[in-house]
Amino acid sequence: MNFSFSTNKLPQEFYSRHVTDVAKDLLGKVLCRTVSGQILSGKIVEVEAYSKDGDEASHSFKEKNKRNSIMFEGGGILYVYLIYGIHFCMNIVTGDKNSGCAVLVRAVEPLTNIDIMMKNRFGEALPNDKSLAHATNGPAKLCKAFNVDLAQNGISLLSSEIYLTEGFEVSEDEIGNSKRVGISKSKELDWRFYLKGNRFVSK
DNA sequence: ACAATGATTGGCT
DNA sequence: GCCAATCATTGTC
């Protein structure tokens, strides 16, 4: 396949940095997910950073427990959790071991095997124009489209099952920055980053 | 032990 | 705009 973007896999060093730096740099990168030999992929267009330090909205703000333990395992792995009893959200763990930092992936723009994603989301592959726009424009929506659940919690982003590639160049003036969505504590932090004008951004 | 809450979504008014 | 779905975790009695 001939892609118009870089398919070089991001190295461990990318993830070992400060969480807000990684969050911003994740915009334009391509999330790849192998399912039954097929590679589902999407360009990351919206993220949020969470940290154990001074961020009461983060799962890691509390002591390490069964749910959040993956956040303490160091950068370069995936943290998946169940929310509202019915949905899953995926996060990219950053920093060193015990840093308790992760980036929530809130929205992606579908790139390859869109028909499989549509089937994962809606049970049918027909790429209706309206449904495509709502396929991956939310954290739990994209998990469903990419067939990600607790079975992927803690897996390495250097694996072939899930990984990120360099993807698209993003310049500073394309990036928007705001408060995070749907939280009640530490509301003041401007730790949401998104690509301005991209139609797959959730808000 | 029991009640409330949540990094959400989808259906209905 | 309102609200139910559904469960791990947390708060209260």
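Protein chains get the first letters and strands the later ones, always in sequence-line order, with residue 1 at the start of each. Please read all numbers here as calculations on a predicted model, not as lab measurements.
Listed here is the closest heavy atom pair of Asn198(A) and Phe200(A): OD1-N, 2.8 Å.
Between Arg106(A) and Glu48(A) there is a salt bridge, since a side-chain N of the basic residue sits under 4.0 Å from a carboxylate O of the acidic one. Between Arg17(A) and Asp96(A) there is no salt bridge, since none of the side-chain N atoms of the basic residue sits less than 4.0 Å from a carboxylate O of the acidic one. Salt-bridge formation is not detected for the pair Glu166(A)/Lys29(A): no Lys NZ or Arg NE/NH1/NH2 atom is positioned less than 4.0 Å from an Asp or Glu carboxylate oxygen. By the 4.0 Å N-to-carboxylate-O rule, Glu46(A) lies close enough to Arg192(A) to be salt-bridged with it.
For the pair Tyr50(A) and Ile183(A), the minimum side-chain heavy-atom distance is below 4.5 Å. Using a 4.5 Å heavy-atom threshold, the side chains of Ile44(A) and Val30(A) count as separate.
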Toss me the dot-bracket line for DNA chain B: Watson-Crick and G-U wobble, both under 3.5 Å, 5' to 3', using | for pairs to another strand and [ ] for crossers.
||||||.|||||.

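Here the straight-line distance linking atom NE2 of His134(A) with atom NZ of Lys141(A) works out to 6.0 Å at 0.5 Å rounding.
Heavy atoms of Ile183(A) sit under 4.0 angstrom from primed sugar atoms or phosphate atoms, though from no base atom. Residue contacts for Arg67(A): at a heavy-atom cut-off of 4.0 Å it reaches the sugar-phosphate backbone alone, with no base atom in range.
Here Arg121(A) reaches the OP1 or OP2 of dG10(B): one of its side-chain N or O atoms lies under 4.0 Å away.
The separation of dC3(C) from dA4(B), taken at their P atoms, amounts to 16 Å, rounded to a whole angstrom.
Looking at residues 77-85 of chain A, you'll see Leu82(A), Tyr84(A), Gly85(A) sit with a heavy atom under 4.0 Å from some atom of DNA chain C.
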